[in-house]
Amino acid sequence: MTLLRGDTLSEAFDRGSAAYDRLVAASPGYHAHLRRSARRLGLADGGAGLRVLDLGCGTGASTEALIAAAPLARVTGVDASAGMLERAAAKPRLTHVEFVHAPAEALADRLAPSSFDAVFAGYLLRNVQDADAVLGLVRRLLVPSGRLAVHEYTLGGSPVDRVVWNAVCSTIIRPAGRLTGDAWLYSHLQESVNTFDTAPEFAGRLRKAGFRGVRVLPLPGWQTGITHTFVGRTAQEA
């Protein structure tokens, strides 16, 4: 299939937003993995005094993970899907979060350079039209020595990882998408992972974008070799 991009993908997420939380909650470890990746940002003192951007926040699952890891941080959530943001803003634990409706590519006109101490991007980079451009924007939005954590489906490079991913998609994810009327969205999910970077390739992409100290950290359970946390920092001086 042709991958969904731009407004077409945002509209697919709008349509799928009503069932999205129920579907991801059925995935073993989904929320625990997000919380683990958020903790890997390493924000001290509960995030007191820090500004954190949740880029591609969706229905707010990643935002809740960030708040659990850094309850004293000031969090801003950004997403291109109005339907997903509506779900996020309605969650009682997120009423104090500032939400911005915009695609990641448009943030250069919405947010000032060095606006954030940390950025979290969950399941975002394989969905944007130009991942390198978005990473460049993220680097500009971060302060010197700012922290980045990316939580993403990136296959580890073993043929077994690809087999497991496609088996899970064929037997669980895509059938669930058909039941909710969102077949195109979940077909896109499968192919977006198959065609995106492997974990070593994405780590290289981060280094090329100017991030230092990049590390690739595995996640447990069935997603081992399929989902990873990537952490890095901007240079000490802008």
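Model, not experiment: these values are computed from the prediction.
Closest of all the heavy-atom pairs between Phe116 and Val52 is CD2-C, 3.7 Å. Nearest heavy atoms, Phe99 versus Leu94: CE1-O, 3.8 Å.
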- request: Using the side-chain hydrogen bond (donor to acceptor under 3.5 Å, both in side chains) rule, take Arg139 and Thr234 through it: C-alpha gap first, then chi angles, then the decisive distance, then the call.
  value: CA-CA 6 Å; Arg139 185 167 51 82; Thr234 55; over 6 Å; no

- request: Could you go through the salt bridge (charged side-chain N to carboxylate O under 4.0 Å, His left out) check for Asp197 and Arg205 one step at a time?
  value: CA-CA 9 Å; Asp197 297 347; Arg205 189 189 291 268; 2.7 Å; yes

task: Report the C-alpha separation of Asn127 and Leu9 in whole Å, then their side-chain angles, then the decisive distance to 0.1 Å, and conclude whether the side-chain contact (heavy atoms from CB on, under 4.5 Å) test is met.
output: CA-CA 8 Å; Asn127 285 318; Leu9 181 57; 3.7 Å; yes

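Asp79 contributes atom CG, which lies 9.0 Å from atom CG of Asp14 (distance to the nearest 0.5 angstrom).
A salt bridge is absent between Arg174 and Asp182: the closest approach of a Lys/Arg side-chain nitrogen to an acidic carboxylate oxygen does not fall below 4.0 angstrom.
Tested against Leu125 for a side-chain contact (heavy atoms from CB on, under 4.5 Å), the candidates Asp132, Leu55, Val134 yield a single pass: Val134.
In this model, no donor atom of one side chain and acceptor atom of the other lie less than 3.5 Å apart for Arg233 and Ser145.
Residues Ile173 and Val168 have side chains in contact (heavy-atom distance under 4.5 Å, counting atoms from C-beta outward).
Judged as a ring pair (Phe, Tyr, Trp, His ring centres under 6.0 Å), and not counting sequence neighbours, the contacts of Phe202 are Phe196, Phe230.
The aromatic rings of Tyr123 and Tyr30 lie parallel to each other, with less than 30° between the two planes, well short of the 60° mark.
Under a hydrophobic-cluster definition in which Ile, Leu, Val, Met, Phe, Trp and Tyr are linked whenever side-chain heavy atoms come within less than 4.5 Å, directly or via other members, Leu43 and Leu148 are assigned to different clusters.
Environment of CZ in Arg5: crowded, with over 12 heavy atoms of neighbouring residues, nucleotides or ligands closer than 6.0 Å.
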